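For reference, the structure discussed in these notes is given below.
Because the structure is a prediction, the values reported are computed rather than measured. Quick note on labels: first sequence line is chain A, next is B, and so on, each numbered from 1.
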Amino acid sequence: MIYWNSFGDFLAMGGYGLYVWGSFGLTALVMIIEPIAVARQRKTTITRLKRQLRAESRSHEA
Amino acid sequence: MNDRFNLSRFSFYRFASPAIFYPLAGKMIPWFIAAAVLFGLAGLYIGMLVAPTDFQQGEGYRIIFIHVPTSWMSMFIYLIMAFWAAIGLAFNTRLSGMMAQALAPTGALMAFLSLWTGALWGKPMWGTWWVWDARLTSELILLFLYIGYMALTAAIDDARRADKAGGILLLVGVVNIPIIYFSVKWWNTLHQGSSVNLTKSAMAEVMLWGMLLMALAFWMYSIAVALTRVRTLILERERHTDWVKAELEGVSK
Amino acid sequence: MLNIVFSVIARDLKLAMRRQADIVSALFFFVIVVSLFPLGIGPEPDLLRQLAPGVLWVAALLATMLSLPRMFADDHRDGTLEQLALSPNPLGLIVTGKVIAHWLVSGLPLALIAPILGIQFDLSGDALLVLTGAILLGTPALSGIGAIGAALTLGVRGGGVLLSLLVLPLYIPVLIFGAGAVDATVSGLGGEGHLSLLIAMTFAAIGFAPWASAAALKIALE
Amino acid sequence: MLEADNLECVRGERRLFAGLGFRLEAGELLYLQGRNGAGKTSLLRMLIGLLPPENGEIRWRGELIDEAGEAFRADLCYLGHLNAIKEDLTPLENLLSAARLAGLTLCEDDAIDALEQVGLAGREDLACKYLSQGQKRRVALARLVVDRRPLWILDEPFVALDVAAVDWLAGIISGHLQRGGMAVMTTHQLVAIPAGTVRELRIG
């Protein structure tokens, strides 16, 4: 079922290792970084909005 | 302040209302992530481990398992953004502009990945990182269009004006993409014989499956990321509504 | 209906004539950029002949870009744009007039001076003729597409740079067919096909762009 | 004839006003009052159709102004706080080209008359960049002298005018009202308009 004979063959990609893994590696990197960035942005936005909300309600009470 | 939501009784507007969409999107995101991982693993398994080598291109062809899905996504996402732009300009729904803005960075990344993988594929196949091939050139211009859209919406402070201006730009871009594609293609065939065609070799069924699964994985990934982004945008823009205030207090617990 | 187009053209031309320095400096920019290329590339006539169409066209794009930011900005600043938007005539027609006026003071002079610059690049008589024709037929599309960009970036910070970012990718088809027409003539293939495509694009741009620009202007006026 | 109903205005973060409405008949003048930033100019921009209201509707002769479109704009004369004159053109050229773009017929003699009325006699052929602020404002106001459209919307028309000019402008406006025109305007100084029904609306 599996096409490759050994792990070394798999890594070498028939001599195209640099190109194949360069493509997959960068794509994987992007697909890790982008979700992290999006999640972090969400978190910072929520904290900022909460702080604003608290400041607003305090100024209303005052 | 949120009495304007109650005005909309039609289901389309109801769906387009941020207050209803926000929790719905929140519930859907985990499923899209799971689907993306599942399809991705299956696609990688088939594409990287099971699929045989291509007799013309050797193992280097395996780049298409990323290159083709990212190219598709970069174009699809632009079309979807243009669709939301048209909806937003026609019906003045607030959610559509946010949708377009949430999709743009992912679309730009897809265009970038498509170019990157195209270059890495072209080097061993054509012996050069870059050729002024019609597809690569149009993809580059598509990346410029994405960057232009993001720069324009970022430069306009008022969110609603940014949505509308961005929407017009998207529609103008969508009209132009086919023109650009065909002009580049024509120019290219006049300058040099069209180079290697990616899909020339009849693709083995197993390769096709690998590619389709990968494309599905990229779809699900893009949806999940864009939905997360749109949820953040909704909170930001609707921060004065009561439901967002309640939502924020709920998060703090 | 056409009256309003002519009135706008007349007004913009009159204004441009009071500020001839702007027209002249854009033209001069075109001349200088084109003249710099042989200095950078070297004087071989064969090479220059090959590069001429592309160089002249890219310089024409950049020279057109120079005057774009001011297309609506002046009217916006002094409040005239509001009055234009409140005119009982469709804003799209008014913008059509402004686009035509913009072409008359930016594209037309470029086309008139291009053959002289073509001689610097050792172009043949035929090629010079096609070059002039191509710039004449293609630059209206540049003014039209540029109007969309100018309207979208109106009143936006960093508008000038943003404008080039938005507009230059959309200029690519015009560049390809404009330079292609001259290229084809130089290599003896005949540029008629390119020229007719340029005409088609110009008509499409003049027909479509003013309405997109009008929509963008209304957003800027909100 | 001009009706506004339940208007709401949101600018950026803030809601400037809501539930605002009025009705204006022929020969009536509406004074908009309110502190700075209350949304007077925003309301005017809504009335001329440049700023879509967050909520509510505006009707002209019973028709929504968006739908009336060109018919509404043909009845409308707007004078903003910007003069809308071209510095490079002379007062006469400015007046004539403004009229032409607004779709009005104005002959040169009438235009010269109007400029004379606003006290710019002898300066018809001097580029506007050489005029003082007050004189530039007068060039803009000269449009009102020849304007016969029924709805005038004026943003701070009395600013930068001397006492004599204020009286003169008040006369022009009352003439407009007497002819059955309508006017909506914002102002900081309350100027008595001799004719017509004057109503006031306070915002914010």
Report yes if the side chains of [X] and [Y] come closer than 4.5 Å at any heavy-atom pair, otherwise no.
| X | Y | result |
| --- | --- | --- |
| D:L50 | C:K218 | no |
| D:R45 | C:E82 | yes |
| D:L101 | C:I94 | no |

Identify which of [options] forms the greatest number of heavy-atom pairs closer than 4.5 Å to chain C.
| options | result |
| --- | --- |
| D:G103, D:S42, D:P52 | D:P52 |
| D:E70, D:K86, D:R100 | D:K86 |
| D:D75, D:L89, D:I85, D:L79 | D:L89 |

When you look at CZ of D:R59, are more than 12 heavy atoms from neighbouring residues, nucleotides or ligands closer to it than 6.0 Å?
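Count over threshold, so yes.
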Please classify the contact between C:D75 and chain D as side chain, backbone, both or neither, with a heavy-atom cut-off of under 4.5 Å.
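Contact with chain D: backbone and side chain both.
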Under 4.5 Å from any heavy atom of chain C, what part of [X] do you find: side chain, backbone, both or neither?
| X | answer |
| --- | --- |
| D:E87 | neither |
| D:L76 | side chain |
| D:L104 | neither |
| D:D88 | both |

For chain D, which residues of residues 6-25 of chain C have heavy atoms nearer than 4.5 angstrom |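 Checking residues 6-25 of chain C against chain D gives C:S7, C:V8, C:R11, C:K14, C:L15, C:R18, C:R19.
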Checking an interface table here. Which of residues 83-90 of chain C come within a heavy-atom distance under 4.5 Å of chain D?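 Those residues of residues 83-90 of chain C which have a heavy atom under 4.5 Å from chain D are C:Q83, C:L84, C:A85, C:L86, C:S87, C:P88, C:N89, C:P90.
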